[in-house]
Structures are given as structure tokens and as C-alpha cells.
Amino acid sequence: MSTAMSLDPEAVLADVRTFVDDEVVPHAEEFDRTERLPRSLLDRVGQLGLWAPFLSVDIGGAGLDMVTLGRIHEEVGRGCSGLRSMLTVHGMVSWSVGRWGSAEQRDRWLAPLISGDTFGVFCLSEPDSGSDATAAGTLAEADGSGWVINGHKKWITGGQVADLLLVFARTGPGMSAFLVPSQTPGVEITPIPNMLGTRSSMIAEIVLRDVRVGAEAMIGPPGWAAGTVMTGALDLGRYSVACGSVGIVQACLDACVAYTSRRTVHDGRLRDLQLIRRKISDMVTSARAARLLCEHAGRLKDAGDPATIMATWVAKYHASTAATAAASDAVQIHGANGCSPDYPAARLYRDSKIMEIIEGSTEIQQTTIAEEAYREVA
Ligand SMILES: Cc1cc2nc3c(=O)[nH]c(=O)nc-3n(C[C@H](O)[C@H](O)[C@H](O)COP(=O)(O)OP(=O)(O)OC[C@H]3O[C@@H](n4cnc5c(N)ncnc54)[C@H](O)[C@@H]3O)c2cc1C
């Protein structure tokens with residue numbers, strides 16, 4: 001099997017499809033039930049070079065293009081949204097270090113982030129601030145040459161297995177980003193069980209109590225992270241969630257085509273009923289439309305075109321709402337079986353709802369896209 005380092009996008013994608021079909025899909029219900037991803041699976045992701053393949057070659061990455069990255073995240077999302085979420089947040093941290101980190105930060109963190117030996121998590125949300133990140137209350141105060149951080153982060157994907165935290169904290173009027181090893185004294189990680197969806201993504205809350213870090217932990221100058229590290233990382237995360245949502249639609253379609261071809265009612269197969277066919281047609285159309293929107297956003301990223309920000313909002317809005325619609329239809333088509341853990345429909349239904357909340361909720365996309373439309377037309 002080749003690795004992402006081979007840089008042949010089609011070969012990488014073929015490997016990822018085989019990995020997802022053989023090692024993810026058959027175990028996705030178990031990952032969901034046990035609320036864990038086995039270490040061996042995370043190691044396989046590292047062997048395939050999938051943790052941060054988009055980092056440029058000059059800083060040790062594989063230089064994989066964003067369109068291919070999106071297709072990889074679609075494939076992984078087709079198999080297991082919990083695993084795709086892990087790729088998303090780790091990618092956001094790796095991207096931040098690669099794009100904005102100092103030479104020292106890159107030297108220290110990039111190699112283990114690329115291999116997956118160090119797992120990075122993105123710590124922005126708090127119990128009282130989500131969509132409105134400016135309301136975050138975590139505070140970093142200058143202490144000699146370093147900083148002391150106090151705060152409470154919540155809903156942190158991969159937090160249970162985190163090695164490196166990218167923590168956003170207030171430093172005076174502005175927001176700063178810090179690279180905090182999870183073993184630093186004062187970091188307390190508590191698992192959050194029983195989430196609605198992406199249950200295998202090992203979510204945690206993280207309390208920081210008098211956490212002391214050196215000046216070298218801060219990315220960029222004080223108060224500078226909101227429009228740079230945060231915006232850029234969230235854009236990449238949103239792109240990943242959009243692509244992962246396409247994977248959910250595709251998984252719904254695959255499951256429904258298989259099920260309706262087997263299941264009989266009134267002496268005929270489900271697949272021969274027009275009302276079922278309408279739902280199948282909707283899934284096919286949604287998957288194709290959402291995939292094209294993601295590809296468009298990916299191409300703009302590869303071209304370095306800032307229009308990718310709007311394109312990614314649109315792709316995420318369309319793909320995540322398409323995923324909830326497709327998953328709802330998938331449960332309906334499977335009847336009682338769709339309500340049981342014996343078929344993937346129930347998991348896809350729960351996972352799809354998460355896609356409408358994370359990386360900018362549906363309502364935030366709706367207001368942001370309209371705002372941008374008025375700006376473009378004016
Ligand atoms: C499974 C999961 C994984 C997550 N992983 C991470 C992670 O790794 N790191 C991290 O930092 N965070 C993570 N989060 C948190 C996630 O980013 C937030 O849940 C998200 O930003 C929404 O914030 P909130 O939940 O506080 O909802 P709120 O911001 O309180 O919003 C509540 C509701 O109000 C709506 N709303 C809010 N503002 C507006 C507005 N201006 N106009 C109209 N409607 C509005 C929202 O759409 C939503 O429906 C995760 C969440 C989940 C569920």
C-alpha cells in the first residue's frame with residue numbers, strides 16, 4: 001500500500017477507500033457503541049500518512065492538494081464520522097502550526113503531528129461560549145517571560161487522547177493562541193460520554209488551572225489569533241466537515257440501495273416503489289451537488305483565492321443539511337431496522353445532526369452567507 005507521501009492523489013484515494021471499506025466500515029457500529037477508536041486504527045491513519053498530508057513539502061509535509069484532502073475526508077466520513085472528526089481537529093492544529101508557527105514551534109511539533117505520534121486538539125468552545133467565540137472567558141495573564149492560563153474548554157473532540165492542546169485565550173482585549181502539552185501541570189481532562197453523535201471521537205472537557213507556559217507557547221504576537229489562527233483553522237475544519245457530510249450522504253445512499261434491493265413488501269421489492277425511488281434520487285442528487293460545492297471550495301483553496309471562505313460556508317451549509325435530510329430518509333426507508341443498531345442508518349442519523357452544529361451551525365451559515373451576498377451585490 002502506498003502512503004500519502006507518494007503524492008499520487010488517485011493512488012492515495014484508492015488506498016483510503018480500501019482502508020475505509022476494510023478497516024472502518026465493518027467496525028463503525030462498534031466504535032459508536034464503545035465510544036472509542038482503537039489505538040491500532042489511529043496508528044493505521046498515521047501509517048497511511050493521513051494526519052496532515054496537506055502541509056507543504058518544505059516544512060516536512062506531503063504537499064497534498066486540498067481537493068484530494070477533501071475527497072479523503074469524504075471517504076473517511078463515509079465510514080465513520082468519529083474518525084473523520086479526529087482528522088479534522090488534528091488537521092486544524094497541524095495547519096495552524098505549519099501556517100503561523102515560529103521556526104521553533106515547527107521544529108518541535110510538526111514531525112510528531114504529521115506522524116500522529118502527537119495528537120492535537122482544538123480548544124475554542126467553552127460552557128458559555130460556542131458560536132460567539134468572542135465571548136470566551138479563558139484568560140492568559142503575563143507572568144515573567146511566560147503566561148498563566150485559567151479557563152474551561154468544553155466539547156473538545158479527541159480531548160480524551162490529546163497530547164497537544166491549541167488553546168484560545170483572552171490576553172487583554174484580543175485573543176491569543178497557545179500550544180499547551182496536555183501533561184502540563186494544571187491541565188485536567190474529563191471525558192464527556194453519551195453524546196448524540198460522532199460518539200467515537202472521544203470528546204472531553206478541559207479545565208486549565210494556573211497552567212504555566214513559556215513565551216514560546218504562543219503562536220504569533222499577543223492578541224493576534226482571532227482573525228488569523230482561529231479564522232484559518234475554522235475554515236479548514238469547516239471544509240473537512242462539509243466533505244465528511246458528503247460522505248454521510250453517500251453512506252446513506254449505499255445503505256439504502258442495498259437494503260431496498262433485498263427487502264420485499266407486498267410481493268415486490270422496496271426498490272420498485274416510486275416513493276422509495278424518489279428518496280434515492282434525492283440522495284444521488286444531494287451527494288453530487290454537495291461534492292461539487294466541496295470541490296469548488298477545495299480548488300479555490302489550492303489557488304490561494306480568498307473566495308474559498310464563502311465557498312466553504314456554502315459547501316458546509318449545503319452538505320450538512322443534505323446529510324441530515326438523507327439520514328432521515330435512510331432511517332425511514334429502513335423502517336424499524338433503521339431504528340436499531342443492526343444497520344448504519346441510526347448512527348448516520350445521529351452523526352448527521354452534529355454536522356449542522358459544529359464548525360459554524362446551520363443558523364450561523366445562513367446569516368453569514370446572506371451577509372456576504374449583500375456585500376457582493378452592493
Ligand atoms: C460533537 C461535537 C464536537 C465538538 N468539537 C469541538 C472541538 O473540538 N473544539 C471546540 O472548540 N468546540 C467543539 N465543539 C463545540 C462546537 O463548536 C459548538 O457546539 C458550536 O460552535 C455551537 O456552539 P454552542 O453549542 O455553544 O451553541 P450556541 O452558540 O449557544 O447556539 C445555540 C443555538 O443558537 C443558534 N445561534 C447562535 N448564534 C446565532 C445567531 N447569531 N443567529 C441565529 N442563531 C444563532 C445556533 O445555531 C444554535 O442553534 C463540538 C461540538 C459538538 C457537538
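Counting starts at 1 for both ligands and their atoms, following the listed order. If you read the sequence from its start, that first residue is 1, and numbering goes on from there.
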Point to revise | Residues R271, S261; criterion side-chain hydrogen bond (donor to acceptor under 3.5 Å, both in side chains); working and verdict | key: CA-CA 6 Å; R271 65 179 281 169; S261 298; 3.1 Å; yes
Point to revise | Chi angles and distances behind the side-chain hydrogen bond (donor to acceptor under 3.5 Å, both in side chains) call for T68, D65 | key: CA-CA 6 Å; T68 306; D65 64 276; 2.8 Å; yes
Review point. Given the rule in the side-chain hydrogen bond (donor to acceptor under 3.5 Å, both in side chains) test, do Q250 and D254 qualify, once you have shown the distances and angles that lead to the verdict?
Key: CA-CA 6 Å; Q250 186 64 49; D254 295 345; 3.0 Å; yes
Exercise for review: Using the side-chain hydrogen bond (donor to acceptor under 3.5 Å, both in side chains) rule, take R106 and S102 through it: C-alpha gap first, then chi angles, then the decisive distance, then the call.
Suggested key: CA-CA 6 Å; R106 288 175 175 187; S102 64; over 6 Å; no
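Between the side chains of K301 and T308, a donor-acceptor pair is found at a separation under 3.5 Å. Using modelled atom types and a 3.5 Å distance limit, the side chains of S361 and E356 yield no donor-acceptor pair. Under the 3.5 Å distance criterion, with hydrogens and angles disregarded, no donor-acceptor pair is assigned to the side chains of S201 and S85. Looking only at atom types and distance, the side chain of E35 has no donor-acceptor partner in the side chain of S200 under 3.5 Å away.
Using a 4.0 Å threshold on non-hydrogen atoms, atom 10 (C) of ligand 1 counts as touching the protein. Within the 4.0 angstrom cut-off, atom 25 (O) of ligand 1 has no protein heavy-atom neighbours. Distance check for atom 34 (O) of ligand 1: every protein heavy atom is found at 4.0 Å or beyond. In this structure, atom 4 (C) of ligand 1 is in close contact with the protein, since a protein heavy atom lies within 4.0 Å of it. Note that atom 30 (O) of ligand 1 has no protein non-hydrogen atoms nearby, at separations under 4.0 angstrom.
In summary, the atoms of ligand 1 found under 4.0 Å from a heavy atom of L124, numbered by their order in the structure, are 11 (O). Close contacts between ligand 1 and E363 involve ligand atoms 43 (C), 44 (N), 46 (C), 47 (O), 49 (O) [criterion: under 4.0 Å to a heavy atom]. If you number the atoms of ligand 1 from 1 as listed, the ones under 4.0 Å from a heavy atom of T198 come out as 1 (C). Heavy-atom proximity to S361, at under 4.0 Å, picks out these atoms of ligand 1: 46 (C), 47 (O).
Nearest to atom 13 (C) of ligand 1 among the protein's heavy atoms is W155 O, 3.0 Å. Among protein heavy atoms, the minimum distance from atom 8 (O) of ligand 1 is reached at T157 N, 2.9 Å. Distance from atom 19 (O) of ligand 1 to its nearest protein heavy atom, with residue and atom name: I357 CG2, 3.7 Å.
One finds no salt bridge joining R71 and E74 here, because no Lys/Arg side-chain nitrogen approaches an Asp/Glu carboxylate oxygen to under 4.0 Å.
Going from atom CG of D15 over to atom CD1 of I72 covers 9.5 Å, rounded to the nearest 0.5 Å. How far CE of M92 is from CZ of F122: 4.0 Å, rounded to the nearest 0.5 Å.
Residue I203 has no N or O atom closer than 3.5 Å to an N or O atom of ligand 1. Residue M195 has no N or O atom closer than 3.5 Å to an N or O atom of ligand 1. On a distance-only criterion, S131 and ligand 1 share at least one N/O pair closer than 3.5 Å. The N/O atoms of D132, backbone and side chain alike, include none that comes under 3.5 Å of an N/O atom in ligand 1. Where the criterion is an N or O separation shorter than 3.5 Å, residue side chain and backbone included, S129 fails it with respect to ligand 1.
Taking all heavy atoms of A136, A233, S125 into account, the minimum distance to atom 16 (C) of ligand 1 is reached by S125. Nearest-residue assignment for atom 40 (C) of ligand 1 (options T367, I354, I364, L196; heavy-atom criterion): I364. For atom 2 (C) of ligand 1, the choice among I358, T362, V93, I156 with the nearest heavy atom turns out to be I358.
Taking the six-membered ring for Trp and the full ring otherwise, the centers of F178 and F168 sit at least 6.0 Å from each other.
At a heavy-atom distance under 4.0 Å, only side-chain atoms of V89, from C-beta outward, approach ligand 1.
Ring geometry for Y259 against H334 counts as parallel: the plane angle stays under 30°, on a 0 to 90° scale with 60° as the upper cut.
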